[in-house]
Amino acid sequence: MEYSEIGTVAAWLTEQGLKGASEAELLTGFCNICRECGLPLDRGMALMDTLHPVHEGRAFRWDSREEIEAEFEYGPSSEGTALESWQRSAFYYLWAGEENEVRRRIGFGDPTDFVMLESMREQGHTDFVAMVHRFAKAGTIGEMDCFFSHFATRHPEGFSDHDLAILRKLVPVLALAIKCIALARIARTIAEVYLGDDAARQVLEGKITRGKSERISAALWFSDLLNYTKISDSAPPEEILPMLNAYSDVVISAIHEAGGDVLKLIGDGVLAIFKADEPADACCASLQAERLLRQKLKVLNDERALEGRPTTEVYIGLHIGDVFYGNIGSRERLDFTVIGPAVNEVSRIASMCRSVDFNVLMSSEFAATIPESERGALACVGRYALKGVKRAQELYTLDTAQMEI
């Protein structure tokens with residue numbers, strides 16, 4: 001590969017990065033183009049930590065001969081076999097030290113002291129080089145503070161000094177292109193985790209102007225935990241957060257599986273909406289979420305009871321109505337959520353569950369909206385005045401004797 005071709009490869013990386021090509025596509029294309037230009041690459045790998053509630057980072061691989069998994073996510077490397085593997089890697093050697101590059105001519109007697117090197121030598125690789133490109137503080141997000149890459153060849157003479165000089169010129173451009181895509185992925189992840197899928201999509205599409213909202217009709221869900229305050233006062237402090245996470249997980253997963261969007265977590269409370277072209281479909285989706293939740297709750301409570309941990313139930317209020325959906329707040333701090341009388345009403349309906357001793361209550365509007373064929377599963381529990389709501393209304397619950405479990 002000639003020095004004159006560096007610009008061609010760099011231009012391709014720049015163009016693909018601007019187009020939004022995936023990280024795996026960038027690495028695969030980079031390695032293939034370099035190989036076509038005469039750089040003897042037979043294996044490539046890149047990885048970078050990320051900012052994600054579950055995954056520590058993402059890795060990308062390419063091989064000139066084998067069909068391999070092009071990308072994968074990895075979990076914490078702070079303990080167990082993951083830590084052992086990390087500490088035996090060339091990337092750890094670079095991360096823990098001051099060097100930016102390490103090379104092993106494994107086909108010419110150099111030690112195979114890093115993980116994977118022995119198997120690579122057995123597969124015919126002759127030379128291996130690993131690099132780290134560190135980010136300055138201003139370019140760091142969470143643990144994403146550097147870009148790791150390694151490359152290997154089966155060439156009988158290994159990498160030449162010229163080959164390595166070419167790689168040292170081009171890999172920083174690859175790192176920048178992959179970092180650009182990774183930052184966009186992190187932005188999406190953060191928005192989805194903290195705002196919910198639909199609100200995140202709208203924010204990332206540019207709907208961030210304060211006061212910008214739309215009037216929508218939606219089925220509204222508000223739930224909280226039975227006796228959460230009492231349990232949190234009596235349970236050991238180290239039990240509270242795991243308990244809240246466990247019950248939040250079953251509530252939120254049930255809502256998502258039924259097609260709903262969680263908009264707010266308020267302590268042990270959850271506010272969600274279900275949108276559909278037909279109001280009846282939105283109500284049916286929220287009832288599906290309630291059924292899923294009951295199944296998940298039984299499994300969770302059985303497990304916690306066997307472990308001697310406190311258990312609880314979930315109160316749910318359901319309503320349907322028009323709300324304003326969009327950005328509310330100050331110039332410095334916005335929230336993408338729903339507001340309107342219907343939101344206040346659904347929270348009041350949920351709070352009535354304690355008084356009437358039912359786990360699910362729904363408004364008369366909600367009950368009237370669901371398909372007539374399903375109304376037989378409802379039972380009226382009486383007419384109630386809701387705090388902060390002008391008119392009293394009949395509330396309904398699910399008649400479990402007529403439901404299919």
Side-chain angles (χ1 to χ4, degrees), residues 13 16-17 20-32 34 41-64 66-104 106 112-120 123 125 127-136 139-153 167-168 170-190:
L13 284 170
Q16 294 304 307
S22 71
E23 299 97 319
E25 290 171 340
L26 287 168
L27 178 65
T28 297
F30 170 78
C31 291
N32 282 329
C34 287
L41 294 183
D42 286 292
R43 184 184 179 111
M45 182 176 184
L47 68 84
M48 189 161 53
D49 284 349
T50 188
L51 190 61
H52 192 280
V54 177
H55 308 298
E56 185 174 290
R58 294 168 56 82
F60 318 97
R61 300 186 298 184
W62 168 86
D63 192 279
S64 64
E66 298 180 29
E67 289 289 335
I68 59 174
E69 185 180 13
E71 62 182 281
F72 60 91
E73 294 163 323
Y74 52 90
S77 57
S78 56
E79 58 183 9
T81 56
L83 176 60
E84 294 175 10
S85 180
W86 165 238
Q87 291 178 333
R88 291 175 52 223
S89 71
F91 294 151
Y92 177 83
Y93 174 85
L94 293 171
W95 177 81
E98 299 295 326
E99 299 176 61
N100 294 324
E101 181 181 307
V102 61
R103 183 184 185 188
R104 292 290 186 267
I106 54 178
T112 54
D113 50 344
F114 298 131
V115 67
M116 298 190 301
L117 287 192
E118 182 58 35
S119 64
M120 290 172 66
Q123 293 167 9
H125 293 92
D127 209 348
F128 167 91
V129 60
M131 303 177 179
V132 60
H133 291 84
R134 309 175 199 273
F135 306 152
T140 296
I141 295 181
E143 298 298 316
M144 193 185 79
D145 57 0
C146 61
F147 174 80
F148 292 109
S149 61
H150 80 224
F151 301 93
T153 183
L167 277 175
R168 292 179 188 124
L170 284 174
V171 174
V173 186
L174 172 66
L176 186 59
I178 288 181
K179 181 183 179 183
C180 175
I181 303 304
L183 287 173
R185 189 186 299 276
I186 286 174
R188 287 194 299 271
T189 296
I190 293 174

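- Interatomic distance, CZ of Phe147 versus CD1 of Ile178, reported as 4.0 Å (0.5 Å rounding).
- Between Arg43 and Phe128, every side-chain heavy-atom pair lies at or beyond the 4.5 Å cut-off.
- Annotation for Thr50 and His55: closest pair CG2-O, 3.8 Å, computed over non-hydrogen atoms.
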Please lay out, stage by stage, how Tyr93 and Asp113 fare under the test side chain to side chain contact (heavy atoms under 4.5 Å, CB included).
CA-CA 11 Å; Tyr93 174 85; Asp113 50 344; over 6 Å; no
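- With respect to Leu51, the side chain to side chain contact (heavy atoms under 4.5 Å, CB included) criterion is satisfied by exactly one of Leu183, Thr189, Ile190: Ile190.
- For the pair Leu170 and Leu174, the minimum side-chain heavy-atom distance is 4.5 Å or more.
- Annotation: side chain of Trp62 is in contact with side chain of Asn32 (closest heavy-atom distance under 4.5 Å).
- Between Leu83 atom CG and Arg88 atom CZ the span is 12.0 Å, to the nearest 0.5 Å.
- Among all heavy-atom pairs drawn from Met48 and Ala182, the shortest one is CE-CB, 3.5 Å.
- Contact check for Glu101 versus Val129: side-chain heavy atoms found under the 4.5 Å cut-off.
- Heavy atoms only, all atoms of each residue included: Ser77 and Ala82 are closest at CA-CB, 4.0 Å.
- Looking only at side-chain heavy atoms (C-beta outward), Glu73 and Val54 stay at 4.5 Å or farther from each other.
- Counting only distance, with no hydrogens or angles, the side chain of Thr28 and the backbone of Glu25 share no donor-acceptor pair below 3.5 Å.
- Put simply, the side chain of Glu71 never gets that close to the backbone of Glu23: no donor and acceptor are under 3.5 Å apart.
- Phe114 CZ to Leu94 CG: the interatomic distance, rounded to the nearest 0.5 Å, is 7.0 Å.
- The minimum heavy-atom distance linking Ala24 with Phe60 is given by the pair N-CD2, 3.8 Å.
- For the atom pair NE2 (His133) and CG (Asn100), the distance works out to 7.5 Å, reported to the nearest 0.5 Å.
- Defined by atom type and a distance below 3.5 Å, a donor-acceptor pair is missing between the side-chain atoms of Asp127 and Thr153.
- The distance from atom OH of Tyr74 to atom CG of Asp49, rounded to the nearest 0.5 Å, is 4.0 Å.
- Between Arg58 and His52, the closest side-chain pair of non-hydrogen atoms is not below 4.5 Å.
- With Arg61 contributing its side chain and Glu69 its backbone, the two residues share a donor-acceptor pair below 3.5 Å.
- Taking all atoms of both residues into account, the shortest heavy-atom contact from Ile181 to Gly17 is CD1-O, 3.5 Å.
- Not one N or O on the side chain of Lys179 forms a donor-acceptor pair closer than 3.5 Å with the backbone of Phe135.
- Note that CG of Leu27 and CG of Leu13 are 10.0 Å apart. Values are rounded to the nearest 0.5 Å.
- Under a 3.5 Å cut-off, the side chain of Ser89 and the backbone N or O of Trp86 do form a donor-acceptor pair.
- The minimum heavy-atom distance between Ala59 and Met45, with the atom names listed, is CB-CE, 4.0 Å.
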